[in-house]
Amino acid sequence: MSFGKMNTFIDIIDRVSEKDSEGFTNETDKVVASTRAYKEERHGSKKWANMAAFTSANALFTFRRIPGIEITPGMEITCDTGRYEIISVEHVRGMYIEVAAEKMEASKA
């Protein structure tokens, strides 16, 4: 994967629960890392056809591994097209991380 294809800037976010002085918990976003990634939306390729039965993911992000940072399901990715929840994480050749993610839609009231 060349840097030419990694043209989407992303933030990897972890939700952190903190208690205030009165004992109430507040969830805040903590940016774990900011990096460039290759983003692929769900479409009719063989790769997506094989993943269709496995996951509800509708986006795939590939980026270089970041030493000292562990990416786990449940974290979130933000980019220019919205916010995505990480469903699965796969290490590719020890150099890249491939993340299957589902776009988080705002609920309509």
Side-chain angles (χ1 to χ4, degrees):
M1 183 72 52
S2 67
F3 275 124
K5 288 189 174 188
M6 293 186 185
N7 55 8
T8 303
F9 291 95
I10 64 169
D11 289 329
I12 302 167
I13 296 174
D14 194 11
R15 302 283 294 172
V16 178
S17 295
E18 297 176 344
K19 281 192 177 184
D20 60 11
S21 61
E22 296 173 357
F24 294 103
T25 58
N26 297 321
E27 283 200 359
T28 57
D29 292 342
K30 177 184 170 193
V31 176
V32 176
S34 296
T35 187
R36 294 168 58 160
Y38 170 71
K39 180 182 172 213
E40 182 179 323
E41 295 283 339
R42 176 174 239 153
H43 61 281
S45 70
K46 284 186 178 183
K47 185 176 195 175
W48 281 102
N50 291 336
M51 289 177 56
F54 162 70
T55 183
S56 61
N58 52 16
L60 196 64
F61 293 90
T62 305
F63 51 91
R64 288 193 179 259
R65 186 178 67 82
I66 305 165
I69 296 177
E70 184 179 352
I71 310 299
T72 59
M75 289 181 161
E76 297 172 0
I77 291 178
T78 59
C79 65
D80 58 348
T81 58
R83 195 173 186 112
Y84 297 83
E85 183 179 0
I86 296 175
I87 295 173
S88 70
V89 178
E90 183 178 338
H91 296 273
V92 180
R93 292 181 267 158
M95 198 167 157
Y96 298 100
I97 295 177
E98 189 174 82
V99 170
E102 180 179 11
K103 188 165 188 170
M104 300 170 67
E105 299 291 333
S107 60
K108 295 180 182 178

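Model, not experiment: these values are computed from the prediction. Just so you know, these numbers use all the heavy atoms, side chains as well, and skip hydrogens, waters and symmetry mates.
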> When rounded to the nearest 0.5 angstrom, what is the spacing between CD1 in Ile86 and CD in Glu102?
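Here the interatomic distance stands at 12.5 Å.
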
> Residues in side chain to side chain contact (heavy atoms under 4.5 Å, CB included) with Thr8, at least two apart?
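So Thr8 forms a side chain to side chain contact (heavy atoms under 4.5 Å, CB included) with Ile10, Lys39, Cys79, Asp80.
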
> Return the CD1 to NE2 distance between Ile71 and His91, rounded to the nearest 0.5 Å.
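Ile71 atom CD1 to His91 atom NE2 measures 8.5 Å (nearest 0.5 Å).
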
> Which heavy atom of Ser88 sits nearest to which heavy atom of Pro73, and what is that distance?
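Result for this residue pair: CA-CG, 4.5 Å.
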
> Is Glu90 close to Ile97 at the side-chain level, that is, under 4.5 Å between some pair of heavy atoms?
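SC-SC contact between Ile97 and Glu90 ruled out.
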
> Check Glu27 against Ser17 and note the closest heavy-atom contact, atom names and distance.
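It is CG-OG, 3.6 Å.
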
> Return yes if some donor-acceptor pair links the side-chain N/O of Asp20 with the main-chain N/O of Asn26 below 3.5 Å, else return no.
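No; zero donor-acceptor contacts below 3.5 Å.
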
> Excluding sequence neighbours, so at least two apart, what forms side chain to side chain contact (heavy atoms under 4.5 Å, CB included) with Thr72?
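Scan of Thr72 (side chain to side chain contact (heavy atoms under 4.5 Å, CB included), adjacent residues dropped) gives Glu70, Met75.
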
> Working to the nearest 0.5 Å, report the span between CG of Asp14 and CD of Glu76.
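Rounded to the nearest 0.5 Å, the CG-CD separation comes to 8.5 Å.
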
> Quick check against the 3.5 Å criterion: does Arg36 have a side-chain atom that pairs as donor or acceptor with the backbone of Met6?
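Side chain of Arg36 to backbone of Met6: a pair is present.
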
> Which value, rounded to the nearest 0.5 Å, describes the distance between Arg64 atom CZ and Met95 atom CE?
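It comes to 4.0 Å.
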
> When rounded to the nearest 0.5 angstrom, what distance separates NZ in Lys103 from CG in Asn58?
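It comes to 8.0 Å.
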
